[in-house]
Number of protein chains: 2
Amino acid sequence: MTLTPGEERPLGGSPGDVLTLISAGSATTRSDLARLTGLARSTISQRVDALIECGLVQETVTGESTGGRPPRQLRLHTDNSAVAGVDLGATHCRIAVMDLTGRVLASAEDPLHVAEGPEVVLGHVEERVNALLLQAGRSRAALKAMGIGVPGPVEFATGRPNNPPIMPGWNDYPIPEFFSGTTVLVDNDVNVMALGEHRNAFPQRRYLLFVKVGTGIGCGVVADGRLHRGAQGSAGDIGHIRVSGHDHMGCRCGNSACLEAVAGGAALARQLTDLGFSAESGADVVALVQSGNTQALRLVREAGRLIGEVLASLVNFFNPEVIVIGGVLARVHEHLLAGIRETVYRRSLPLATHHLDIVPSRVGEDAAALGAGILAIEHYLSPDNINRIVNA
Amino acid sequence: MTLTPGEERPLGGSPGDVLTLISAGSATTRSDLARLTGLARSTISQRVDALIECGLVQETVTGESTGGRPPRQLRLHTDNSAVAGVDLGATHCRIAVMDLTGRVLASAEDPLHVAEGPEVVLGHVEERVNALLLQAGRSRAALKAMGIGVPGPVEFATGRPNNPPIMPGWNDYPIPEFFSGTTVLVDNDVNVMALGEHRNAFPQRRYLLFVKVGTGIGCGVVADGRLHRGAQGSAGDIGHIRVSGHDHMGCRCGNSACLEAVAGGAALARQLTDLGFSAESGADVVALVQSGNTQALRLVREAGRLIGEVLASLVNFFNPEVIVIGGVLARVHEHLLAGIRETVYRRSLPLATHHLDIVPSRVGEDAAALGAGILAIEHYLSPDNINRIVNA
DNA sequence: CACCTTTGTTCGGAAATCGACGGAAGTCTC
DNA sequence: GAGACTTCCGTCGATTTCCGAACAAAGGTG
């Protein structure tokens, strides 16, 4: 037997596995499920009945006939449940209440300073989530899980920030415990953005890098369809990778020539200020570029080249299929991407770049909140969790 | 319910899962298995009987009593099976015939030029494997699978080399088909070295980088305990990452300042030749260092710094727990590692380096052959494959 | 030696699953 | 448009799988 290794493990037949097939859209009828799982049709019927009983699956219209009795379509029951995705930034809070398919039912954005500390911020989140649930017509009990993206490193397993530089008062704070009674997942904001971008725009790709170019520069890593967090959860922290030829540029981390110290939004704003223009943030840089300022344009393109230099290394090392560029600076992606593409395609190996796409964010500003919600959805819908629910 | 996400999926109770527990050493008795799987003792007995029936498990001595009837010890049946691990280098071929625990039963090393093409080389492998099986006292039928590491990129799923630069005549050659009747897995040599190093020396670590510093420089990536191959199977190709300040050094890839063009064994030999010393290969460089040549020593240490510069980036990006340095140049690791450590600990983020170990290879020259054998073992012992065997 | 603990097997019953059957609900053919 | 055909889905007995209680085995303990 000469077999092909790496083949996908055939799915089991547990209720959770069945629901996974339904929610992924791989199967919409009982026959589909029987074919995909290898279980008898009668067994599938029983599984589906149990899932309907638990309010997890809904029978909708009867579908199109293919020459016989038309199948009854199955789908996730989405009327009696919801999740919340929370995007905490340095100075804003964006929340989306979504159904289990990832559709946004209600959302809100507020200015909110993460520096005010966990109690204030999370209290605000709690309040806002409740209001959005009301607005979405869902009870508090319908909230199955909650995902939160925070602007700093987190120990994912416990939901505790790990020495976050811009979150004073949050170090080691057990965020999930604030929301007792609700399952809460906490991750780095760039990670959830990568997840949001992957699931919404590139679900069929297995290896994706999401690069956020904002005040700083970070990267979310999707490997084999799942988030790669690394040993300490600090994977993707590319802002302090050294770029060549800028040893005179100091960085707040104490080193010099860090990528974000020369190509981050804050760094570009500072350079423009030095040139006599008024810019304090990445958004100001974008505004200058959009107003036709050639110096700003030149700096953004050069930043693209520097980011591209780092990404070229990572392409050789990681061999992704897609690189998505997001963050404030992606608003002028035509200029940023030109520099990035130019450098990556020149400095990376042909085998790695041949099928590589480098594209601007397709999801945009909601990527983090959506990704946080998806984190919650995928946890709630995981086969193990569903099996627990069905057996109970 | 405030739960901890990321918890390990509880093992199922299929015969394959049971065997996994036994072969991993997690369980040595039927009681252990019952406790770990949650299955009834009677069911476990039945599973074990089936596995013994198939010749996969062996009952050995009765163990120590803990106050009651002493348990009968179970272990993998290793007398009737074998795998082969093949390490194909540019000019050598190393083969190990191993039992299913990874113990080497017989091994051999020959000079063999991979450039002679697939038929010659694989014919030699076939012959050698048969001889080693004889030497190990195993029949040809006992060979359950074979792993091969080759010096170039491979499409793992099909076992075809993908435009390998130093394997003329091998491009797209379907290596597994040469050995009809035997399951053959083919991977890049650095990947199998990483696997060999991980399984033998660091089995409990989840994230590991293995850096091979030989003629060129490559890297094998273990993420979450499994090999990361990337989208095109070219992940870990770090030899052509740019290092700063060496733009005058051209590389065979067409770019300049590539890591291996300034810090690889061939590059160091060339630099020593330019300085008037006689060195053609990495091994010659090592010999010069060992003979006390200060220029060679200086170059090796500087190479370590350059490699460290690249690794510092990768540590920030990937966040590994261990970096293992192997390859010929690792024979003088005290000098190479000094340069690497110095740079990595200076240029990487504290969170990522705090629990990071940078160590020389513990497995040594056999890592590739052992890793290739482990590839074969893990494929053969995978739950799916075992379930197939038991059900047949 | 009587009694306890732990291990492993046997066996009857419970539970899950299968597969055959039949009804439902369409399309296709003449 | 009637009947044949196809596909879908539930029902129900048969079968397989799995469990748990009882029992046997093999040692320790006092």
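Reminder, nothing fancy here: chain letters follow the sequence lines and each chain counts from 1. On a predicted model such as this, the values are computed, not experimentally measured, just so you know.
Comparing D:dA24, D:dC18, D:dC9 against the side chain of B:Thr43 picks out D:dC18 as the nearest. When distances run from any side-chain atom of B:Pro71 to the nucleotides C:dG19, D:dG20, C:dG8, the shortest one goes to C:dG8. Minimum atom distance to the side chain of A:Thr29 is reached by D:dC9, of the listed C:dG19, D:dC9, D:dG20.
Contact check, A:Ser42 against D:dC9: no side-chain N or O comes under 4.0 Å of OP1 or OP2. For A:Arg72 and D:dG10, the shortest distance from a side-chain N or O to OP1 or OP2 is below 4.0 Å. Side-chain N/O atoms of B:Thr66 include none lying less than 4.0 angstrom from OP1 or OP2 on D:dG27. Contact check, A:Arg41 against D:dT7: no side-chain N or O comes under 4.0 Å of OP1 or OP2. Neither OP1 nor OP2 of D:dA24 sits under 4.0 Å from any side-chain N or O of B:Arg69. Remark: A:Arg47 is not in phosphate contact with C:dC18, judged by side-chain N or O atoms under 4.0 Å from OP1 or OP2.
Using a 4.0 Å cut-off between charged side-chain N and carboxylate O, B:Asp99 and B:Arg138 make no salt bridge. Ion pairing between B:Arg205 and B:Glu197 fails under the 4.0 Å rule for side-chain N and carboxylate O. The pair B:Arg75-B:Glu59 does not count as a salt bridge, with every side-chain nitrogen at least 4.0 angstrom from each carboxylate oxygen. Ion pairing of A:Glu155 with A:Arg229 is absent here, as no side-chain N (NZ or NE/NH1/NH2) approaches a carboxylate O to less than 4.0 Å.
The nearest heavy atom of DNA chain C to A:Ala40 and to B:Glu59 marks one nucleotide each, and the one closer to the 5' end goes with B:Glu59. Comparing B:Gly38 and A:Asp49 by the nucleotide of DNA chain D that holds the closest heavy atom to each, the one mapping nearer the 5' end is A:Asp49.
Between the C1' atom of C:dA14 and the CG atom of B:Leu39 lies a distance of 16 Å, rounded to the nearest Å. In this entry the distance linking CG of A:Leu33 with P of D:dG10 reads 12 Å, nearest Å.
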